[in-house]
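Naming convention: chains lettered A, B, ... in sequence-line order (proteins, then strands); numbering from 1 in each chain.
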Amino acid sequence: MSEIKLKVTNLKKYFPIRRSVIDVLSGVPPRYVRAVDGISFDVIEGEIFCLVGESGCGKTTTGRLIARLIEATSGYSLYKVSRNIKDLIPREVFIKEDYLNLFGKLPNAVDKSLRLDIQIIFQDPYGSLNPRMTIGSILEEPLIVHSIGSTKEERQEIIFRALSEVKLNPPEEFVNRYPHMISGGQRQRVAIARAMILNPSLVVADEPVSMLDVSIRAEILQLMLDLKKLRNLSYVFITHDLAVANYICGRIAVMYLGKIVETGPTDMVINNPKHPYTIALVSAVPEPDPSNRLRIREVPIKGEIPSAAAIPKGCRLHPRCPYAMDICKTKEPPMVEVEPQHQTACWLYAKM
Amino acid sequence: MSLVSKIYDSWSWIRKEILSQLSGKLALALLIVLIGISIYAALVMPPDYTGTWDVGSKWEDNPHNAPPEWASYLGYTCVPQTYYDLRGFSPALSEAGGRIILTYNITYNLELKEYPRGIMIKVNVTVPQGVRNARIRVDVIKPDGARLSSLMSEYVDLTNTSEIVLKLYKLERVDAVIMSAYRELASFLDLQDINVRPMVYIFGNLSYSEDLKSVVVTPLTGRYVFVIVLDFRVLGIQADTLLRYVQRSREFSLLVKGTCYGLMGTDHMSRDLAQGLFFGFPIALAIGLLVALASTAIGVTAGLISGYYGGFIDEFIQRTVDVMGSIPLLPILILVAQSIAKTYTGTDKPIVMLAAIFAVLIVFSWGGLAIIVRSMTLSIKSELYVEAAKAVGASNLRIISKHVLPQIVPYIAASLVYSTPTAILTEAGLSVLGIRHGFPTWGNILAEARLHGSIRQWWWILPPGLLIAIVSLTFVLLGLALEKVVEPKLRR
Amino acid sequence: MWVCVLGVAEVLARRAVFLTLALFLAVFLTGFVIGATGYMDTIINAIIDEEVRAYRQMLINLPQRPPTDELERLVAQYKQELILYWGMDKPWYARIFPMVLNTMILNLGKAQSPEVTNVAGLAPNSPVIDVISSCLPRTIFMITIAEVIVILIALAVGPFIVYRIGSFTDRLVVAYAATMNAFPLWWIAMVMLLVFSYDLRIAPVRFREVIVHINALLSGDITALAGVLNYVWLPILTIVVVLTGPWIYSIRAMLIKIVKEDFVTAAIARGLPEKQILRRYIMRPAASPIVTNVLLGLAGTLGGFIITESVFDWPGMGTLYYAAVTSGDAPTILALTYIFTLIYVIARFILEILYVILDPRVRL
C-alpha cells in the first residue's frame, strides 16, 4: 500500500464578520462564518481524492487552505514533501521523516519552496489568466519567480514543452496570444500547464471542468489523468458533480456546511450511500435508465443550504433531514465506520 | 515581458484612444509644440537667466513700456530705435591751450509724429597717459532752430586712471535747458511736466494754446542735430593721437530709443517681454510637471498600499485623505507662501518659496488619485489571476508591479494631465495676488503688470495670460480625450 | 428597522467625528504655519518696535524732557510691558495654541491690523466677528449670486444637450467648457476690467466703494439696489462667463453616465415620453451627484474667490483673508480658516444626511 501524501486533522477556517462600533461597545460577541469547521481526511500518494458538496459547503475553502492561499484558523496536517524540493527545506521544519505541517507558521523560503510542490487549478479559466498578459508571459511568471531557467531561451524551451504536454500544439502559435484569443478549453489547458510547469507532486483541482462546455470536459479530465500517470501526481479534486467524481476519483469525501459527512472509496459511497445527505446527492443525479426514474424523489431533502454564519445546532442537516430524530437537534453525530474504509457521521448509524 | 513594455503597451493603447478624437489630436499637436519650444528655450537659456531678469542695467538700451513693433499695424506710431557707432564718425578737431576738443555733429531724422523714448550715450575708452581730465557735453539742435545746450554733461578726472567708462542718459536740469531754449514761452512752461516727460519737450514742437494761456506740445518731425563735444585737458599729447585712441575705443555710441520694441514689447524696467515669455515656457512646464509627477507618485503609492495591504494602514490613509480633503487648499497655500516671503531672508528665497508652494500643492493633491487607485487595486486584488500568481509563489511586489500597476496606467496618465495645469494656474494666481517669489514665471510677469503697469498696456497683460491659458488648454483637451480611456462608459 | 436607524446614526456619527477632526486640524495647521515660520513673531515685533519708537518720541517731545538714563529706563520698561502684553516672553506655541482653542469655541478676539478692518470698512481693533459678518454679505452679493446663476444655467442646458450628445450644439458646449476651463478666472477678470472699466468706461473702477451701497441696502434702503447693481454686474458677468462652461460640462458628464445605464435604454425601448424619462430615469438617479456638486460649490463661494476678489478689489471674504495674511493678523487668519472649513464641513455633513434621504438603498 502507498504512503499517505497528506493527512489533515481537524482543519478549521472561520471568517470574522465585520462588527459595527455599537456592537463592539455593547459587547456583542464577535461572529464568524464557519466555512470549514473541523474536517479530517487523508490523501494517499498517487490517488485522486475528491471533495464533493453543494456550493457553500466549504470545499473550495478547503482547497485554498491546502494550496496555502489563505491561512487556517486552526488545524494540523502532515504533508509528505516530494524528493524534488526536500533539499530546499531545512531539517528542523520537518516533523517526522519527510512530513511537515502545512498549516503552521513556515519560514518564507519554505513557503516559496512548497509552492513548487503544491499547485492549484482554478474553476474559472476566464478569470485565472490575466487578460493583459500573453500565454507565454503567464507561463513564464512561475519560472521567473522561482528562477527556473537562466536565460530567456531556456525558459522559452520549458514553456514550449509545457504547452505540448497539455496538447496545445504547435506551442509557438500560442505563446504570443492573449487569453481572449483562445477558447475556454484551451484556457484551462494553459491553466493546467501553469500548474504543471513547476513540477508539483500535489495538485488541488478546484472544479476544473465545471465552467467548460460539456463536450470538452472529458478531454480535460483525460488530460489530467494522463498527467497524473506520467508524473505520479496526487490530486485533491473538488467538484459538485458526482458524475465527474465517479469517473475520476479513487476516494471521496462528501461535505456539508463545513463538515465531512461521509467518506470512503468512491464506488462504495456512490453505490451504497449511507448518510441521508449523500443519498440525496446521489439520487439527484439523473439516471440514464428510465426504469429508475422514480427513485429520484426517494429522499427529498427540504429547502436550501443554510448560511455558514448561522449553522444549526446538533447535526447540521437536521432542519432539512427527513429522518431527523431528537438527538440530531442537540448533539453532533460522531464519525462511524459502516463498512471497511467507509465512514459516515449520522445518528442513524451511531451507537447512542 | 518587462514592466516597461507593459506600460508601453498601455501607452500605445491610450495614444490610439487619444488620437481617435479631435480634441486629442489638437492636444497632442499643442503639447508637441509646447515641449519643443520648452526644450529649445531650456537649451538656449543663459545659465544666469533667472538671476539677471531683475537686473536693470541689462535692459538699459531698451525703451520702457514700449508696445511690440507690430503694434504699428494697430495704429501705434513706432519710431525706430536708432543707433550710431560714433567710432566711425570724424569729429571736428580743435586744439588750444592744453585742450583738445572733438566735436561730433550727428544728424537724427524724426519722421513719425511720436516722441522717442530716450537718449543714451555710452563711452568706454582708454586714453593715453597725459590726459588729465575730460568733459563730455551734449547739445541738441532742433528742427525749429532751438538749441538745447548742455542737455547732458559729465566730467571725468583722469589723474589716477586712463579709463573713461560712462553712460549718459540722465538729463541735466532739463527744465532750465528747455526754458533757456524757449525764452518767449518761459512764463507758461510747466516745469514739473518737463521733469516728468522730458522727451516730449526735447522732441516736441512748443507753441501757445489757442487761448494763449498755456503751452501745447506736439511731436516735431524733422532733422535734429546732436552735438557731442569731448573736451580733454592734456599734457603733451597730439590731437590725432588722441583721436586714434577714441576711434579704437571699446564703445562710443549714441542711441535714440524708439517707441516700439521687439516681438512682444517691454515692461516698466525696459525688459524684453518676448524673452521673459519665451523662457517662461520651460519654467511653466517644469512647475506643472514637477507637481504633477510628485503628487501622482504619492497618490499611486498610497493608493496601492492602501488597497493592497488593507488593515490599519488603509484606514489611516483613507482618513488622512478625508481630513485633507476638508481643509481649504488656497488659504493654506497663500498663508504658507506669505509666511515664508515675510520671514525667510536667504539669497535662495525664490527657490525656497517655490519649493514651499510645490510642497503644499503636492501634499494637498494626491488624495483623489489615491482613492481611485485604492478601489482599482481592491478589485484587481480579488481577481482570480492574482490568486493564481500567489499560488505560483509571486511576491507582493511582483503582483503589484506585474498585475496591478499596468492596469492603472491610464489613471496615472489622467492624473498627470489633470494636475499639471492646476499647478501652473495656482502658481500664477499666487503671483497675481502679490505673493511674489521673484522667479521670472508668466505669473510673475502678470503680477508686475498689475503692480507697475497701466491697465492700458495690453501687450504686458494679455500674452502671459494667454500663454497660461494655452498650456492649460492643452492639458484640458488631453484630459478630455483621456476621459474616454478612464471612463469606459463614456465610450460609444 | 431600528437596527437600520442605528446603523445610519452610527455612520453619521462617525462622519461627524471625522469632520470635526478635520475642522480642528485645519485651524491647528494654520496656527502652526503662522507660529512655526516666525511670521506672527515678525509682525508682533514690528508692532512693538513701532510703539516703542512712538513712546520714545513722545518722551523726547515732553516739555520737561527726562534725563537720558531715566528716558532709557522708561523706554525699556515700556518695552517690557509690551512684550508681556503680547506674550512675546513665551515661545510661539504657548501664544498660538490658546488662540487656536479660543477660535474653536468661537471666541474670535479682535482684529489686529488696520488693513483688515479697512477691508471691512470698520474702525481699527473691531472684533473679528464683526469684521467677518460685514464682509460675508458682500461675498454673497457677488460670488454666491453669480454661482447660483451659473448653476441654474447649467441645470437648464445640461439635460437639453444630454439627448443631443455628439450634435453641433453639444460640441460647441464642450469646446466652450474646455476653453473656459483653461482660462484662469482672475485673468478673465483682469481683461474684463481692462475692457469695461478702463476702455469702455461703463463699469466702475473702484469696487471697494460698494461698501456704502451694500450697507444701505442691508439697512433696508431698497433704492440702494441700483447702486449695488452698478458695481456688481461686471464681477457677476465675469464669473458667469467663465464658470458656466465647466459647470455645464460636469452636469453633462454626470447625466451621460446615467443615460448609458441599461434601465434608461429599457425605458426608451418601452417608448416612454422623453420628459418622463428625463424626470424619472435620469434626473432622479443623478440627483445625488448633482446635489453634491451644487451644495459644495455654493459652500465654496461663501469663502470668497480670493484671487478674483482681489483683482476687482471687492471687499468680501477673499480680500479680507488676503489682507489678514499680508498684514499677519493672526486672530483674523485663524477665524477665517475656521469659518471656511466649518462651512465646508457643515455642507459635507448635510450631504451625508441628504444621501440617506435621496438614495433609497442607503435608507433600506
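Nearest heavy-atom pair across C:Thr326 and B:Lys342 is O-NZ, 3.0 Å. Shortest non-hydrogen contact noted between C:Thr341 and B:Ser326 is CG2-O, 3.4 Å. Of all heavy-atom pairs between B:Pro328 and C:Phe340, the closest is CG-CB, 4.0 Å.
Heavy atoms from other residues, nucleotides or ligands lying under 6.0 Å from CZ of C:Phe32 number 12 at most. Residue C:Phe263 places its CZ atom among more than 12 non-hydrogen atoms of other residues, nucleotides or ligands, all under 6.0 Å distant.
Proximity to chain B involves both the backbone and the side chain of C:Ile306, based on heavy atoms less than 4.5 angstrom apart. With a 4.5 Å cut-off on non-hydrogen atoms, C:Thr42 touches chain B through its side chain but not through its backbone. Contacts of B:Ala428 with chain C are made by both backbone and side-chain atoms, with heavy-atom separations under 4.5 Å. Heavy atoms closer than 4.5 Å to chain C are found in both the backbone and the side chain of B:Leu466. Both the backbone and the side chain of C:Phe183 come within less than 4.5 Å of a heavy atom in chain B. Neither the backbone nor the side chain of B:Pro421 comes within less than 4.5 Å of any heavy atom of chain C. Both the backbone and the side chain of B:Val336 come within less than 4.5 Å of a heavy atom in chain C. Contacts of C:Leu185 with chain B are absent, with no heavy-atom separation under 4.5 Å from either backbone or side chain. Within the 4.5 angstrom heavy-atom criterion, only side-chain atoms of C:Val191, from C-beta onward, approach chain B. Heavy atoms of B:Leu477 lying under 4.5 Å from chain C belong exclusively to its side chain.
B:Leu330 has its side chain within reach of C:Ile307: a pair of non-hydrogen atoms, C-beta onward, lies under 4.5 Å apart. Taking the side chain as every heavy atom from C-beta outward, C:Thr37 and B:Tyr344 never approach each other to under 4.5 Å. At least one side-chain heavy atom of B:Ile468 sits under 4.5 Å from a side-chain heavy atom of C:Pro184. In this structure, C:Trp186 and B:Leu446 have side chains that are in contact, with non-hydrogen atoms separated by less than 4.5 Å. Using a 4.5 Å heavy-atom threshold, the side chains of B:Ile327 and C:Tyr344 count as separate. The closest side-chain heavy-atom distance from C:Trp187 to B:Leu462 is below 4.5 Å.
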Item to check | Trace of the salt bridge (Lys or Arg N to Asp or Glu O under 4.0 Å) decision for B:Asp322 with C:Arg15 | outcome: CA-CA 10 Å; B:Asp322 224 19; C:Arg15 295 300 306 159; 2.7 Å; yes

Next on the checklist: What verdict does the side-chain contact (heavy atoms from CB on, under 4.5 Å) test give for B:Ile435 and C:Tyr322, after you've listed the backbone C-alpha separation in whole Å, the side-chain angles of each residue and the deciding distance to 0.1 Å?
Outcome noted: CA-CA 10 Å; B:Ile435 298 171; C:Tyr322 185 62; 4.0 Å; yes

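Taking C:Ala178, C:Gly303, C:Ala324, C:Ser197 one by one and counting their heavy-atom pairs under 4.5 Å with chain B, the maximum is reached by C:Ala178. Between chain C and the residues B:Pro464, B:Gly429, B:Gly479, the largest count of heavy-atom pairs under 4.5 Å involves B:Gly429. Chosen from C:Leu29, C:Ile34, C:Val311, the residue pairing most often with chain B at heavy-atom distances under 4.5 Å is C:Val311. Counting heavy-atom pairs closer than 4.5 Å to chain C, the top-ranked of the candidates B:Ser339, B:Gly434, B:Ser472 is B:Ser339.
Between the OG1 atom in C:Thr179 and the CD1 atom in B:Ile470 there is a gap of 11.0 Å [rounded to 0.5 Å].
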